[in-house]
Amino acid sequence: MQEETVIHYGEHPTVMDAKELTLNMGPQHPSTHGVLRVKLKIDGERVTDLECVIGYLHRGVEKLCENETYIMVPPHLDRTDYIAAVSNGLGYVEAVEKLLSLEIPRRADYARVMLTEFNRIASHLLWLATHALDLGAMTVFLYAFREREEILKLFEMHCGARLTTHMFRIGGLHADLPAGLLKKAREFCGSFEKKIDDYEGLLTENRIWIQRTKGVGVISGAAAIDIGLTGPPLRGSGVGWDIRRALPYSVYPEFKFEIPTGSSGDTYDRYKVRMQEMRQSNRIILQAIDGLPEGPTMAKVAKVIKPPVGEVYHSIEAPKGELGYYVVSDGTTKPYRVRIRPPSFVNLQALRQLAIGHLLADVVALIGTLDIVLGEIDR
């Protein structure tokens, strides 16, 4: 009886006579969180190289904005990061308000902070739900969506929409906060800390969760800065950079909150940072409710908005990181240029650095830990 011959290259047995395989993950894949194609080179189960292929959702949003009047632009931006439409709108209207040297009423500023922090919690809850589901934790998915639903009800109460909200206008809010919203918001915040405890009770000390996240996708603070990471991925590496503190906007300097950071720069630390950020957002919302001033919610703005000739770059701390808008005015009713600096687009480039050397199954965890949305990547 002849012995079976196995071909070896070095220490690695081959598959179909090939030491290294190229594998496509996506573009239609449940764990890419959108239409993302990842071209993987794998040696057995180990990732040796990776390339992201994007552009499947490209709609030319920036050029669309340049063909609309200033007040018609925000609905396009609601559909970039469609999980954080409130933050998208805030960044743009504040950029135009800078061009106009416009000061908005304090009541509008406080309401904006409250609503954008609710949006941060809603975005992090969707991240937690999908990230946990990707790694096999079904119960957390159900819990997180339960709380997110309550926030979407508050959005619907305020502006009639749940996802693409279009809440803010150049100069303030489209209308004052409706009766009953503050009461419901306070009730949500009163119980939400306990809900976060429930999420952490299921995950933080769970040995399977720890095995799938600790030591996976480690990146140092210096490397994270070099590659341009912002938001929770940067703070997970120990860098306490948050635009709400570093480059203050709106009325954030009037609020007390902490900037959570990690120490190891791995997937587990980025998870802990986002969990703490939800607690801090809850804290900010309660301060905004308690300190909400009386008065108007809309500044005196011309019906036809024509900023003076000039340019501005304005960035905010969106749920996923630095969201910036570069707007150029030529003195007409339409912006001459609109360019968006989306956090998902910049953060995604770290995936290759995070994934090389890890297992194929870890790529799913690493896409989740970056919390990307393809709508703002492709624009």
Pick one: which of E277, K320, R274 meets side chain to side chain donor-acceptor pair (under 3.5 Å) with H124?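 Answer to the side chain to side chain donor-acceptor pair (under 3.5 Å) test with H124 among E277, K320, R274: E277.
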
Can you confirm whether the side chains of Y82 and E376 place a donor and an acceptor under 3.5 Å from each other?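 Their side chains do not contain a donor-acceptor pair, so the 3.5 Å distance test is not met.
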
Under 4.5 Å between side-chain heavy atoms, chaining through other members, with only Ile, Leu, Val, Met, Phe, Trp and Tyr counted: pull out the rest of the cluster around V304, sorted by chain and number.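 For V304, no cluster forms, as it stays isolated from other hydrophobic side chains.
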
Connected-component partners of Y326 among ILVMFWY, side-chain separation under 4.5 Å: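 Hydrophobic cluster check, Y326: joined to Y313, V328, Y336.
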
Do you know the tightest heavy-atom contact between R112 and R169?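 That would be NH2-O, 3.0 Å.
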
In terms of relative ring orientation, are Y199 and F192 parallel, tilted or perpendicular, with 30° and 60° separating the classes?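 Because their plane-to-plane angle is over 60°, the rings of Y199 and F192 count as perpendicular.
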
Check D266 with R270, please: is the shortest side-chain N to carboxylate O separation under 4.0 Å?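 The answer is no: the pair does not qualify as a salt bridge.
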
Do P342 and T80 make a side-chain contact, defined as non-hydrogen atoms from C-beta onward lying under 4.5 Å apart?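 Sidechains of T80 and P342: no contact.
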
Answer whether the closest heavy-atom distance between the side chains of Y143 and L125 falls below 4.5 Å.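 No, too far: nothing below the 4.5 Å cut-off.
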
Is there a ring pair (Phe, Tyr, Trp, His ring centres under 6.0 Å) between W209 and Y268? Walk through the geometry before answering. CA-CA 8 Å; W209 184 259; Y268 188 72; 7.9 Å; no

Acceptor/donor pairs from residues 348-365 side chains to any protein atom, 3.5 angstrom cut, sequence neighbours excluded:
unit_1 : atom_1 : unit_2 : atom_2 : d
Q349   : NE2    : I227   : O      : 2.6
Q349   : NE2    : V346   : O      : 3.3
R352   : NE     : D49    : OD1    : 2.7
R352   : NH2    : D49    : OD1    : 3.2
H358   : NE2    : G217   : N      : 3.1
D362   : OD2    : L359   : N      : 3.2

Test ring pair (Phe, Tyr, Trp, His ring centres under 6.0 Å) applied to F168 and Y92, step by step: CA-CA 9 Å; F168 306 139; Y92 171 77; over 10 Å; no

